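Have a look at the structure below, then the notes.
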Amino acid sequence: MRSSALHDVQFPKQPALQLIYDTAPIGLAYLSPDCRYLQINQRLTEICGISVEGHLGRSVRDCVPALASAVEDIVRSIMETGQPVTGVEVYGQRPGHNDERCWITHWHPQRGPNGSIVGVNVAAEEITDRKRSEREIRAARDAAEKALHHLQETQASLIEAEKLAALGRLVAGVAHEINSPIGTSLTVASVLEQKCADFAAEAARGKLKRSSLADFIEVVESASSLLVGNLKRAGELVQSFKQVAVDRSYLDRRHFDLGAYTEQVLSNLRPALPKNNLTLNVDGAPDLAMNSFPGPYGQVLTNLFLNSVGHAFPDGKGGAIAMRLRGAGAEHVEILFADDGCGMSHDVRRQALDPFFTTRRDNGHIGLGLHIVHNIVTNRLGGDLRLESAPGMGTSVLITLPRAAPQRATDH
């Protein structure tokens, strides 16, 4: 009877108030200071499955024992501080169900005529669907981040593979170029060896003539000159290749002359010109001193060259490639790389620097050459790049680089 009397005093039966409880789209309840239900609507009873009548006068611990401690702590806090408690999430399961449900609850003190707290009003809005959506979004985001990480790793691997492929093509070109002077030297050395044997045999027979001696000296001088020239050329190629190969280290910052280093890199690429019916003209200003990374710069030139050879001149049509090196004020240099090939359409030019974009995928290209160029120029060398092209008008790439590359935390 005590609970019923308390209910009558603290929660008078007012039709308007009862109508709010019955029609509210959220759960509502009114608790006594000792955590007994003085009023509750049907929607809130879904937490435990007990009817409205089954709640009235009973304690929270009797109806929802799993939530009793948390509810008692909240009510105790309100009684002591007089302050509401809002935004508390409550989780529970309906009897006989395995699905977890969630409500966000707000707790406000109910004061009597003298200002003392006589009860606590509770409002609970179910957010089970929202929580489920949040979990699904988090799971989708985690899956997307994992997929992005995997894609980035794959892209990095492909970029490294493309760099190695470019280096492989460079090695093949150098091997082809070195083969010519070495082959000539071997032929000359073989002829010289035979001439020496003939001369020695003639001298041994005692029939050596002045004319034979003169001929032998002439052959030796000519052969020596050819040997020296061809072996010197082979040595220069080897030295040039060694310099480029060593400079492929991305940590190798050093001082170098832009024009001289450009010639070193291009000397290893020139073997590809004759068989593609191409010419290469380099117009370089003198004394372009750089304090930068020659290896990445060499990679840029190699990729631009291979891109022109592979894309600008389809069907074996010949053409010309030109480079121009100029100073751009005291702190920058400009490198113009251009060809008079077939050019690009607007759509192709718009996507040319994107990773994995290529118009020659059927020929084994993966579309990373120009992307690597852009990456190196803008990130490693601290410059910028502008690409211009139109159908039938060739392609030009203007690169502006600082003479002193920006220092990064990873540089030693």
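Here the structure is a predicted model, which means the values were calculated and not measured.
Taking the six-membered ring where tryptophan is involved, the planes of Y261 and Y297 are tilted, since the angle between them lies from 30° to 60°.
Of the candidates E126, R132, K131, C102 forms a side-chain contact (heavy atoms from CB on, under 4.5 Å) with just one, namely K131. If you run side-chain hydrogen bond (donor to acceptor under 3.5 Å, both in side chains) between N121 and each of Q110, H106, H108, only Q110 comes through.
Under the rule for a side chain to side chain donor-acceptor pair (under 3.5 Å), S185 has no partner lying at least two apart in sequence or in another chain. By the side chain to side chain donor-acceptor pair (under 3.5 Å) test, S59 is found to be paired with D62, residues two or more places apart in sequence or in another chain being considered. Scored by the salt bridge (charged side-chain N to carboxylate O under 4.0 Å, His left out) test, R349 finds no partners at all (sequence neighbours excluded).
In this structure, CZ on F337 lies 11.5 Å from CG on L387, to the nearest 0.5 angstrom. Here the CG-OG1 distance, from N307 to T302, works out to 12.0 Å after rounding to the nearest 0.5 Å.
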side-chain contact (heavy atoms from CB on, under 4.5 Å) between N41 and Y30, worked out: CA-CA 9 Å; N41 68 352; Y30 180 50; over 6 Å; no
Is there a side-chain contact (heavy atoms from CB on, under 4.5 Å) between R253 and N291? Walk through the geometry before answering. CA-CA 7 Å; R253 170 193 285 270; N291 177 16; 3.5 Å; yes
How far apart are the C-alpha atoms of V220 and L192, what are their side-chain angles, what is the distance that settles it, and do they pass the side-chain contact (heavy atoms from CB on, under 4.5 Å) test? CA-CA 7 Å; V220 169; L192 182 59; 3.8 Å; yes
Taking it one step at a time, do R270 and E263 satisfy salt bridge (Lys or Arg N to Asp or Glu O under 4.0 Å)? CA-CA 10 Å; R270 290 183 186 275; E263 283 293 349; 3.5 Å; yes
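Under a 4.0 Å N-O distance rule, the pair R43/E125 does not qualify as a salt bridge. Salt-bridge annotation for K195 and D198: absent, with no side-chain N of the basic residue lying under 4.0 Å from a carboxylate O of the acidic one. Contact check on E134 versus R130 returns a salt bridge, with a Lys/Arg side-chain nitrogen under 4.0 Å from an Asp/Glu carboxylate oxygen.
Inter-residue side-chain proximity for I50 and R58 is flagged as met; some heavy-atom pair is nearer than 4.5 Å. Residues R61 and V71 have side chains not in contact (no heavy-atom distance under 4.5 Å, counting atoms from C-beta outward).
If you check the side chains of H149 and E153, you find a donor sitting under 3.5 Å from an acceptor. Under the 3.5 Å distance criterion, with hydrogens and angles disregarded, no donor-acceptor pair is assigned to the side chains of S345 and D347.
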